[in-house]
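What you see is a predicted model; the values in this text were computed from it and never measured. Excluded from the calculations below are hydrogen atoms, water molecules and symmetry mates; all remaining heavy atoms, backbone and side chain alike, are included.
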Amino acid sequence: MNSIFDKLFEVANSREALDKYLNANMLTVNEFYNSNYGSLLLAKNSIEKFILLKHGIISQLDYSKSYAKSFVLMLLDYCERFNFIAATPHIHRILTDNLIPINCRQKAALHFLYPRPNTNSELIERFDSICENLQLAIDNEEDNDSKAIATFLNYYGIIVNDTPFQFLEQVKRKITNAQDNKDYQFLLTETITELINFNIQDKDAVYVLVQSIIDRVLGKEEIFVFVPSDNVETEVIGQDLFIEINTDYSKELIPIPIDFDSIRSVSVRHADGCNLTNRGVKILESEAELYEYMKRFGNMHKAKLEAALAPLPDNFSTELNIVDWGCGQGFGSMIFIEKFGTEIIRNISLIEPSELSLKRAALHIRKYNQNIPIRTICKKLNELDESDFTGTPADITVHLFSNILDIDDYSQTHLIDIIECTQSGTNYFVCASPYIDEIKTERLESFKRNFESKYDSFELLLDVSSSKNPNDDFWCCNNTHNKHRISHGTYFNCKEYTENGCNNKWTRVIKVFKVEL
């Protein structure tokens with residue numbers, strides 16, 4: 001069976017041909033990149049062959065284009081996963097020649113990939129520099145620890161596969177010592193403990209285990225764990241609505257003013273500092289996590305959504321439907337209602353795989369208006385089908401994608417097919433996510449580009465990005481958000497704005513567009 005890299009090899013006879021193919025097929029490229037180890041392994045030789053024999057063509061791509069940057073960074077990740085000794089220098093040269101920045105996680109990978117350690121002992125000696133970069137990535141760059149842990153597991157896999165057994169024992173001791181001293185928080189996870197406790201002499205078996213753990217860490221297995229709170233009841237109205245009722249939280253919400261900040265203040269009071277697995281990107285599994293997520297990230301969501309909703313019409317010509325994809329606790333719909341009110345809304349569809357979050361989202365919407373029609377769909381994006389969208393049609397639909405399009409565990413092709421099959425009329429797409437890296441940003445860009453290339457009616461309303469790169473213009477931070485002015489260093493826990501920028505500044509990737517379907 002041919003892989004996408006066989007097709008890439010076939011078409012990459014010129015820079016123009018490769019660019020044209022990538023521009024038209026980045027959805028497929030992204031989905032292959034996010035497939036599991038078994039699928040990638042089948043294409044391993046094709047990927048390596050493509051890099052080794054086509055690196056000259058790859059180097060000629062226009063790296064001002066987001067899909068080109070994203071593609072070459074994916075190639076670096078393939079080099080990491082498969083330990084491509086000969087291919088890595090070519091990708092490193094392309095990145096360097098085109099001044100494409102890499103994040104701390106990828107810097108950690110290069111410590112064991114390129115320049116190649118001269119001896120096995122040198123590979124072990126790079127343990128601390130690898131861990132330091134991975135911890136920096138988790139603390140400052142990544143939206144969760146999954147990719148960083150996967151990179152560490154790739155390092156561990158190289159030691160398992162390419163060195164005598166004595167070096168594996170050495171790195172195990174380094175891990176144990178680092179755990180005892182709490183040097184790197186990511187090494188304290190159950191995943192790492194499970195790995196070093198796997199005590200078998202068959203190195204092939206250990207290597208296979210490492211690869212299966214990487215798939216699990218990256219969410220490439222279909223795992224869903226939901227632990228309901230004892231304090232939460234569910235009301236089911238017909239087959240359409242899950243909503244939290246008769247709970248302490250729902251009762252505490254009754255006298256609270258009807259605005260996002262007041263609703264968030266309840267969670268702020270109850271948040272106990274609990275650990276949010278993968279910074280809340282993973283499905284929230286307890287009421288304590290709901291509180292903590294609302295406290296930590298509520299303001300950032302609000303600020304991004306307010307900026308993303310700004311280019312929409314001040315006055316819509318008719319009633320509209322809202323589809324809140326991956327709604328979480330309903331932040332997107334809440335901020336929309338605060339800006340536009342509820343009178344123009346015919347229906348809100350809330351889509352969310354966490355039943356706990358979904359019930360709370362419905363409760364929050366009903367807080368704004370007890371009579372607003374709500375439909376709740378407790379599914380992952382990949383589980384959606386056309387039957388989920390039967391209901392009252394509207395001439396205008398607003399699609400809210402808040403911190404969802406950049407995640408890796410769904411097929412963008414499937415999502416687009418669902419939208420195109422079920423939606424009609426005027427559609428506004430409001431897409432907002434944090435800036436993590438070029439690969440994740442390309443997920444939003446390729447989603448937008450699909451509609452741009454297929455529909456003459458496409459109209460771009462806003463396209464803006466702000467990262468933590470000190471060369472980027474400052475957008476916002478928690479103190480700026482709260483005080484409504486930029487005044488670095490004058491508030492609690494806010495450092496002076498230096499040549500390195502504001503270390504606490506928020507990131508965003510926002511794409512808003514309109515299409516007639």
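In this structure, Asn25 contributes its side chain and Tyr21 its backbone to a donor-acceptor pair below 3.5 Å. Of the possible donor and acceptor atoms, none in the side chain of Asp97 sits under 3.5 Å from a partner among the backbone N and O of Ile94. Within the 3.5 Å criterion, the main-chain N or O of Ile85 finds no donor-acceptor partner in the side chain of Thr88.
Within the 4.5 Å cutoff, side-chain heavy atoms of Val29 are placed close to those of Met26. Considering only heavy atoms from C-beta on, Val323 comes within 4.5 Å of Ile351 through its side chain. The closest side-chain heavy-atom distance from Val509 to Cys431 is not below 4.5 Å. Using a 4.5 Å heavy-atom cutoff, the side chains of Gln106 and Leu76 are in contact. Looking at heavy atoms from C-beta onward, Glu420 lies in side-chain contact with Tyr455 at the 4.5 angstrom threshold. Side-chain contact between Pro434 and Asn403 is present, with at least one heavy-atom pair separated by less than 4.5 Å. You'll find the side chain of Leu415 reaches within 4.5 Å of the side chain of Phe401, heavy atoms only. You'll find the side chain of Lys514 stays beyond 4.5 Å of the side chain of Asn427, heavy atoms only.
Annotation: His301 is in aromatic contact with Tyr293 [ring centroid separation under 6.0 Å]. A distance of 6.0 Å or more separates the ring centres of Phe127 and Phe112. The six-membered or imidazole ring of Phe331 lies near that of Phe260, with a centre-to-centre distance under 6.0 Å. When ring centroids are compared, Phe50 and Phe5 come within the 6.0 Å threshold. If you look at Phe316 and Phe340, their ring centroids are closer than 6.0 Å. The six-membered or imidazole ring of Tyr428 lies away from that of Phe513, with a centre-to-centre distance of 6.0 Å or more. Here the two rings, on Tyr67 and Phe71, have centers that are 6.0 Å apart or farther.
In terms of heavy-atom proximity, Val464 sits nearest to Arg508 at CG2-NH2, 3.8 Å. Closest approach of Ile416 to Lys454, counting heavy atoms only: CG2-NZ, 4.5 Å. Minimum interatomic distance between Thr507 and Lys304 (heavy atoms only, all atoms of both residues): O-CD, 3.8 Å. A pairwise comparison of heavy atoms in Ser354 and Cys378 identifies C-SG, 4.3 Å as the closest pair. Here the closest non-hydrogen pair linking Val512 and Ala308 is CG2-O, 3.3 Å. Taking both residues in full, the closest heavy atoms of Ser433 and Asp406 are given as OG-OD1, 3.3 Å, listed atom of the first, atom of the second, then distance.
Sparse packing is recorded around CG of Asp395, with 12 or fewer heavy atoms of other residues, nucleotides or ligands lying under 6.0 Å away.
A donor-acceptor contact under 3.5 angstrom links the side chains of Asp128 and Tyr184, judged on distance only. Side-chain atoms of Asp215 and Gln211 form no donor-acceptor pair, as typed in the model, at a separation below 3.5 Å. The closest side-chain donor-acceptor pair between Glu352 and Ser357, if any, does not fall under 3.5 angstrom. Donor-acceptor pairing under 3.5 Å is lacking for the side chains of Asn83 and Asn161. Between the side chains of Thr426 and Glu516, a donor-acceptor pair is found at a separation under 3.5 Å. Side-chain atoms of Ser46 and Asp6 form a donor-acceptor pair, as typed in the model, at a separation below 3.5 Å. Side-chain contact of Glu80 with Asn154: a donor-acceptor pair under 3.5 Å is present, judged by distance alone. Side chains of Ser146 and Asn144: a donor-acceptor N/O pair is present below 3.5 angstrom, by distance only. Side-chain contact annotation: Ser333 with Asp324, donor-acceptor N/O pair under 3.5 Å present.
Between Trp506 atom CH2 and Cys477 atom SG the span is 7.5 Å, to the nearest 0.5 Å. Atom OH of Tyr63 and atom CG of Asn98 lie 6.0 Å apart (nearest 0.5 Å). Rounded to the nearest 0.5 angstrom, Lys49 NZ and Lys44 NZ are separated by 16.0 Å. Between atom NE2 of residue His90 and atom CZ of residue Arg93 there is a gap of 7.0 Å, rounded to the nearest 0.5 Å. Note that OG1 of Thr191 and CG of Asp145 are 8.0 Å apart. Values are rounded to the nearest 0.5 Å. To the nearest 0.5 angstrom, Phe447 atom CZ is 4.0 Å from Ile419 atom CD1.
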query = Run the side chain to side chain contact (heavy atoms under 4.5 Å, CB included) check on Ser465 and Ile510 step by step: do they pass?
reply = CA-CA 6 Å; Ser465 177; Ile510 298 174; over 6 Å; no
request  = For Ser402 and Leu305, run side chain to side chain contact (heavy atoms under 4.5 Å, CB included): C-alpha distance rounded to whole Å, both residues' side-chain angles, the deciding distance at 0.1 Å, then the answer.
outcome  = CA-CA 7 Å; Ser402 179; Leu305 286 161; 3.9 Å; yes
query = Which is it for Trp475 and Lys505 under the side chain to side chain contact (heavy atoms under 4.5 Å, CB included) test, yes or no, and what are the steps along the way?
reply = CA-CA 7 Å; Trp475 166 52; Lys505 69 178 178 179; over 6 Å; no
inquiry  = For Asp62 and Ser64: C-alpha separation, side-chain torsions, deciding distance, then whether side chain to side chain donor-acceptor pair (under 3.5 Å) applies.
reply    = CA-CA 6 Å; Asp62 179 358; Ser64 67; 2.7 Å; yes
task = Give the intermediate values and the outcome of side chain to side chain contact (heavy atoms under 4.5 Å, CB included) for residues Leu320 and Phe336.
result = CA-CA 12 Å; Leu320 54 84; Phe336 184 93; 4.1 Å; yes
inquiry  = side chain to side chain donor-acceptor pair (under 3.5 Å), that's the test. Do Arg296 and Asn478 meet it? Break it down for me.
reply    = CA-CA 10 Å; Arg296 288 195 209 175; Asn478 194 60; over 6 Å; no
ask   = Checking side chain to side chain donor-acceptor pair (under 3.5 Å) for the pair Thr413/Glu31: CA distance, chi angles, key distance, verdict?
value = CA-CA 8 Å; Thr413 300; Glu31 288 178 12; 2.9 Å; yes
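Look at Glu10 and Lys7 and you find a salt bridge, because one of the NZ, NE, NH1 or NH2 atoms lies within 4.0 Å of a carboxylate O, short of that distance. Salt bridge Asp408/Lys440: present, at least one basic N to carboxylate O contact under 4.0 Å. Salt-bridge formation is detected for the pair Glu452/Lys448: a Lys NZ or Arg NE/NH1/NH2 atom is positioned less than 4.0 Å from an Asp or Glu carboxylate oxygen. Remark: Glu442 does not engage Lys69 in a salt bridge, criterion side-chain N to carboxylate O under 4.0 Å. A salt bridge between Arg105 and Asp77 is present, with a side-chain N of the basic residue lying under 4.0 Å from a carboxylate O of the acidic one. Of the charged side-chain nitrogens involved, none lies within less than 4.0 Å of a carboxylate oxygen, so that Glu445 and Lys65 do not count as a salt-bridged pair.
With a 6.0 Å cutoff to the six-membered ring centre and a 45° limit on the axis angle, Lys54 counts as a cation-pi contact of Phe9. Tyr410 carries Arg443 over the face of its six-membered ring, with the cationic atom under 6.0 Å from the centre and within 45° of the normal. In this structure, Lys511 forms no cation-pi arrangement with Phe429, as its terminal cationic atom is not both closer than 6.0 Å to the ring centre and no more than 45° off the ring axis.
Taking the six-membered ring for Trp and thresholds of 30 and 60 degrees, Phe152 and Tyr156 have ring planes inclined between 30 and 60 degrees apart.
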